[in-house]
J.: 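Below is a structure I'd like to ask you about.
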Amino acid sequence: MNLALEAIWNVIARIPRGQVSTYGDVARMAGLPGRARQTAYALRNAPENMHLPWHRVLGAGGKIVFPKGSAHHREQARRLRSDGVPVKDGKVPPARLMDVDKF
DNA sequence: GAACTGACTGTAA
DNA sequence: ATTACAGCCAGTT
């Protein structure tokens, strides 16, 4: 088993509804500073049965990383709004970003 | 082990 | 605001 991946999955699973985080922050909170791409990898390879809130993970600054207009992009925006998170032009207000310290 | 790849990021033009 | 590009680093060829 890969400890790093599980740490990342664990962090993502704890992101509360109505809030979001970023690849970089998730990695940092998982004890892997500077490894945003590892978060991306973990997300991409997450088992479906885990039901992770993957849509609450955004790029730096709160923007959806999927190409604008892509199916993934629309799906993520849809889920976020379903969470009550406002999405404007592929981005989310900074206030919605989870506080790393409180976590 | 070299070369690529990518659901990333920060800087610079 | 948008685009390019160089760092980044684990995983895959």
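None of the values given here were measured: they were computed from a predicted structure. Chain identifiers are assigned alphabetically (A, B, ...) following the order of the sequence lines, protein sequences preceding nucleic acid strands; residue numbering begins at 1 within each chain. Values below: all heavy atoms of this structure, side chains included; hydrogens, waters and symmetry mates excluded.
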J.: Let's test your reading of the model: under 3.5 Å, does the base of B:dA7 pair with the side chain of A:Tyr23 as donor and acceptor?
T.: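 Pair found.
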J.: In whole angstrom, what separates A:His72's NE2 from B:dG6's P?
T.: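 After rounding, the gap between these two atoms is 14 Å.
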J.: Could you tell me how far apart A:Trp9 (CH2) and B:dA7 (P) are, to the nearest whole angstrom?
T.: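 Rounded to whole Å, this separation is 16 Å.
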J.: Please check if the side chain of A:Arg81 supplies one atom and the backbone of A:Val87 the other of a donor-acceptor pair under 3.5 Å.
T.: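 Yes.
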J.: Taking any heavy-atom pair under 4.0 Å as a contact, classify A:Arg35: base, sugar-phosphate, or nothing.
T.: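 Sugar-phosphate only.
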J.: What is the distance, to the nearest angstrom, from the CG atom on A:Leu43 to the P atom on C:dC9?
T.: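 From A:Leu43 CG to C:dC9 P: 20 Å.
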J.: Find the distance A:Leu97:CG to B:dT9:P and express it as a whole number of Å.
T.: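 In whole Å, B:dT9 P and A:Leu97 CG are 11 Å from each other.
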J.: Answer yes if A:Leu3 and A:Met29 sit in the same cluster of Ile, Leu, Val, Met, Phe, Trp and Tyr residues linked by side chain heavy atoms under 4.5 Å apart, and no otherwise.
T.: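 No, it is not one cluster - the side chains of A:Leu3 and A:Met29 are not joined through contacts under 4.5 Å.
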J.: Could you check whether A:Asp89 pairs with A:Lys63 (Lys NZ or Arg NE/NH1/NH2 to Asp/Glu carboxylate O, under 4.0 Å)?
T.: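 Between A:Lys63 and A:Asp89 there is no salt bridge, as every charged N stays at least 4.0 Å from the carboxylate O atoms.
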J.: Let's see if you can work this out: which of B:dA7, C:dA1, B:dG10 has an atom nearest to the side-chain heavy atoms of A:Lys91?
T.: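 From the listed options, C:dA1 comes nearest.
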J.: Respond yes when some side-chain nitrogen or oxygen of A:Gln38 is under 4.0 Å from OP1 or OP2 of C:dG11, and no when none is.
T.: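 A:Gln38 to C:dG11 OP1/OP2: side-chain N or O found under 4.0 Å.
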J.: Using heavy-atom distances to pick each residue's nearest nucleotide on DNA chain B, tell me which of A:Gln76 and A:Gly61 is more 5'.
T.: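 Of the two residues, A:Gln76 wins.
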J.: Under 3.5 Å for both donor-acceptor distances, Watson-Crick or wobble: does B:dT9 have a partner, and if so which one?
T.: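 By the stated definition (distances under 3.5 Å), C:dA6 pairs with B:dT9.
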J.: Any donor and acceptor pair, going by atom type alone, linking the side chain of A:Arg74 with main-chain N or O of A:Gly69 inside 3.5 Å?
T.: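 Answer holds: yes.
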J.: Rounded to the Å, how far apart are A:Asp89 CG and C:dT2 C1'?
T.: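 Answer to the nearest Å: 12 Å.
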J.: Could you check how far CD1 of A:Ile8 sits from P of C:dC9, rounded to whole Å?
T.: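 Going from A:Ile8 (CD1) to C:dC9 (P), I get 14 Å.
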J.: For the residue pair A:Trp54 and A:Phe66, categorise the inter-ring angle as parallel (less than 30°), tilted (30 to 60°) or perpendicular (more than 60°).
T.: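 Because their plane-to-plane angle is over 60°, the rings of A:Trp54 and A:Phe66 count as perpendicular.
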J.: Think A:Tyr41 has a side-chain N or O under 4.0 angstrom from the OP1 or OP2 of B:dT5?
T.: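 No, because none of the side-chain N or O atoms of A:Tyr41 sits under 4.0 Å from OP1 or OP2 of B:dT5.
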J.: How many Å lie between CZ on A:Arg79 and P on B:dA7, as a whole number?
T.: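 Answer to the nearest Å: 18 Å.
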J.: Counting only side-chain nitrogens and oxygens, does A:Arg37 get under 4.0 Å of the OP1 or OP2 atom of C:dC8?
T.: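 Result: no.
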J.: Identify whether any heavy atom of A:Asn2 sits under 4.0 Å from a base atom; if not, whether one sits that close to sugar-phosphate; answer base, sugar-phosphate or nothing.
T.: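 It contacts sugar-phosphate atoms only.
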J.: What is the separation between atom CG on A:Leu5 and atom C1' on B:dA7, rounded to the nearest whole Å?
T.: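 Rounded to the whole Å, the gap is 14 Å.
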J.: Where each residue is assigned the nucleotide of DNA chain C containing its nearest heavy atom, which of A:Gly34 and A:Asn45 is assigned the position nearer the 5′ end?
T.: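 Nearest nucleotide further toward 5': that of A:Gly34.
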